[in-house]
Amino acid sequence: MKAFLFLSRQYAGSLITKVFLLGFMLEVSTLSVQAQEATQSMMPDISYPYLEKLIEIAKANYPRSKSFKERVGIADLGIRRAKVAYFDALSVSYLYSPANTPTYITNPTSPVPTVVNPNWFNNYQIGLLLNIGSILQKTPLLKQARGEKKVAEYEQQAFDLNLEADVKQRYFAYIQRRAVLRVKHELQLDIESMLKDVKYKFEKGEQSLENYNNVLVMYSDNNQQLIIAESEVLISKTRLEELVGEKLENIKLDQ
């Protein structure tokens with residue numbers, strides 16, 4: 001009977017220790033979860049005015065955006081060239097006929113020759129020639145030039161829409177990676193605190209080696225995830241700067 005009571009008390013003591021350790025682990029895990037829930041949303045980090053600034057700079061700096069603008073300019077020059085080509089159908093000529101150049105006609109019945117001026121108009125004469133066929137040829141060319149300009153403008157608008165969507169996606173991905181990094185960093189701080197506490201209790205004999213090893217593994221795994229999250233932030237930042245054409249640190253809202 002006494003042996004049974006001793007075993008019961010020993011089992012109860014072991015059970016109390018396990019319950020205590022379980023409660024300690026749950027308490028630390030709860031703190032970590034609360035810390036993550038307080039910062040898991042990335043919405044407060046999003047700045048739509050800053051995003052519009054990035055889109056504006058991307059449209060001004062991105063090389064393909066500049067090429068589409070040049071195409072519109074070239075198409076506009078084509079319209080001007082087609083308009084000026086109408087003057088090719090018009091030709092100008094002039095004739096000089098002096099008034100003091102008479103023509104002498106000999107009259108058989110009279111010994112004195114007759115003076116006659118054969119020109120109806122004297123001095124300078126200007127003539128204009130309009131080629132109707134040339135005008136009919138220039139009209140379709142002008143319509144073609146205007147159509148090419150519209151096509152260039154539509155292509156530029158389509159590219160601007162795609163560029164705007166790409167900037168938004170990469171900006172949101174960058175903000176997401178930053179939020180994930182912040183959560184993992186705060187979780188790492190919690191695990192470090194828990195590791196110090198478990199290590200202290202393990203050295204005093206109040207924690208088992210298994211629990212101490214579990215916390216060490218947890219710390220190592222999260223540290224690796226933290227490094228991965230840091231690299232993802234740098235990669236997403238580089239991809240966003242690729243479209244913008246400038247370092248994000250150099251872009252301010254008050255510029």
Side-chain angles (χ1 to χ4, degrees), residues 21-69 154-199 211-255:
L21 293 176
L22 180 61
F24 172 78
M25 298 292 290
L26 290 175
E27 180 180 0
V28 175
S29 300
T30 302
L31 292 176
S32 300
V33 172
Q34 290 177 352
Q36 294 182 42
E37 290 178 350
T39 57
Q40 67 181 355
S41 177
M42 72 174 197
M43 299 306 294
D45 297 335
I46 296 177
S47 174
Y48 286 99
Y50 186 75
L51 176 57
E52 293 298 328
K53 185 71 174 181
L54 294 179
I55 295 174
E56 177 184 353
I57 296 177
K59 291 181 180 180
N61 293 343
Y62 199 63
R64 289 196 62 189
S65 180
K66 294 180 180 179
S67 67
F68 279 105
K69 292 179 182 179
Y154 293 151
E155 290 179 348
Q156 181 184 7
Q157 293 173 5
F159 177 77
D160 288 343
L161 291 175
N162 292 332
L163 180 62
E164 180 177 349
D166 290 340
V167 172
K168 288 181 179 180
Q169 292 177 2
R170 296 190 185 188
Y171 173 74
F172 293 145
Y174 172 62
I175 296 299
Q176 179 189 18
R177 299 292 187 274
R178 286 177 50 185
V180 171
L181 176 61
R182 183 172 60 248
V183 170
K184 291 185 178 297
H185 180 70
E186 293 178 355
L187 179 61
Q188 187 72 0
L189 294 178
D190 292 338
I191 296 177
E192 288 179 358
S193 177
M194 181 172 60
L195 178 60
K196 292 179 181 179
D197 189 78
V198 172
K199 180 180 179 181
N211 291 336
Y212 181 53
N213 289 333
N214 289 336
V215 177
L216 286 175
V217 172
M218 185 187 305
Y219 176 81
S220 177
D221 292 342
N222 191 75
N223 192 41
Q224 294 178 7
Q225 295 296 323
L226 183 62
I227 295 175
I228 295 175
E230 290 174 345
S231 65
E232 290 177 348
V233 169
L234 295 177
I235 293 173
S236 61
K237 180 176 179 289
T238 303
R239 297 189 71 241
L240 179 58
E241 292 175 345
E242 176 187 3
L243 296 179
V244 177
E246 295 183 19
K247 294 291 184 180
L248 296 183
E249 295 82 2
N250 299 333
I251 300 176
K252 308 296 181 182
L253 282 176
D254 54 354
Q255 290 181 347

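We number each residue from 1, following the sequence as shown.
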> Run the side-chain donor-acceptor check on residues 159-173: report pairs under 3.5 Å with partners two or more places apart or on a different chain.
| residue | atom | partner | partner atom | Å |
| --- | --- | --- | --- | --- |
| N162 | ND2 | A158 | O | 3.3 |
| E164 | OE2 | K168 | NZ | 3.4 |
| R170 | NH1 | R239 | O | 2.7 |
| R170 | NH1 | E242 | OE1 | 3.2 |
| Y171 | OH | S47 | N | 3.0 |

> Can you sort out the partners of E52 under side-chain contact (heavy atoms from CB on, under 4.5 Å), two or more places apart, ordered by chain and number?
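Once residues adjacent in sequence are excluded, the partners of E52 under the side-chain contact (heavy atoms from CB on, under 4.5 Å) criterion are I55.
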> List the residues meeting salt bridge (charged side-chain N to carboxylate O under 4.0 Å, His left out) with E241, not counting sequence neighbours, and say none if there are none.
K237, K247
> How far does CG of N61 sit from CD of E246, to the nearest 0.5 angstrom?
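Those atoms lie 5.0 Å apart.
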> Shortest non-hydrogen contact from A179 to M42?
CB-CB, 3.8 Å
> What's the spacing between E192 CD and D197 CG if we round to 0.5 Å?
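Interatomic distance, E192 CD to D197 CG, rounded to 0.5 Å: 13.5 Å.
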> For R178, give me all partners under salt bridge (charged side-chain N to carboxylate O under 4.0 Å, His left out), at least two apart in sequence or on another chain.
none
> Please tabulate, for the side chains in residues 219-228, all donor-acceptor contacts under 3.5 angstrom to protein atoms that are two or more places apart in sequence or on a different chain.
| residue | atom | partner | partner atom | Å |
| --- | --- | --- | --- | --- |
| N222 | ND2 | K184 | O | 3.4 |
| N222 | ND2 | Q188 | OE1 | 2.4 |

> Holding to salt bridge (charged side-chain N to carboxylate O under 4.0 Å, His left out), I want the full list of residues that pass it with E155, two or more places apart in sequence or in another chain.
R71
> Could you grab the distance from atom CD1 of I251 to atom CG of L54, nearest 0.5 Å is fine?
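So the gap between those two atoms works out to 5.0 Å.
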> Mind checking whether L195 and Y212 have side chains closer than 4.5 Å, heavy atoms only?
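Yes, their side chains come closer than 4.5 Å.
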> Are the side chain of S67 and the backbone N or O of R64 linked by a donor-acceptor pair below 3.5 Å?
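Judged by distance alone, yes, a pair lies under 3.5 Å.
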> Can you check whether R177 reaches Y174 side chain to side chain, under 4.5 Å on heavy atoms?
no
> Counting only heavy atoms not in Y154 (residues, nucleotides, ligands), do more than 12 fall under 6.0 Å from its OH?
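It does not: Y154 OH has 12 such atoms or fewer within range.
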> Going by side-chain contact (heavy atoms from CB on, under 4.5 Å), name the residues that satisfy it together with K69, two or more places apart in sequence or in a different chain.
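Here the qualifying residues are S65, Q156.
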> Apply side-chain hydrogen bond (donor to acceptor under 3.5 Å, both in side chains) to D45 and list each qualifying residue two or more places apart in sequence or on a separate chain.
R182
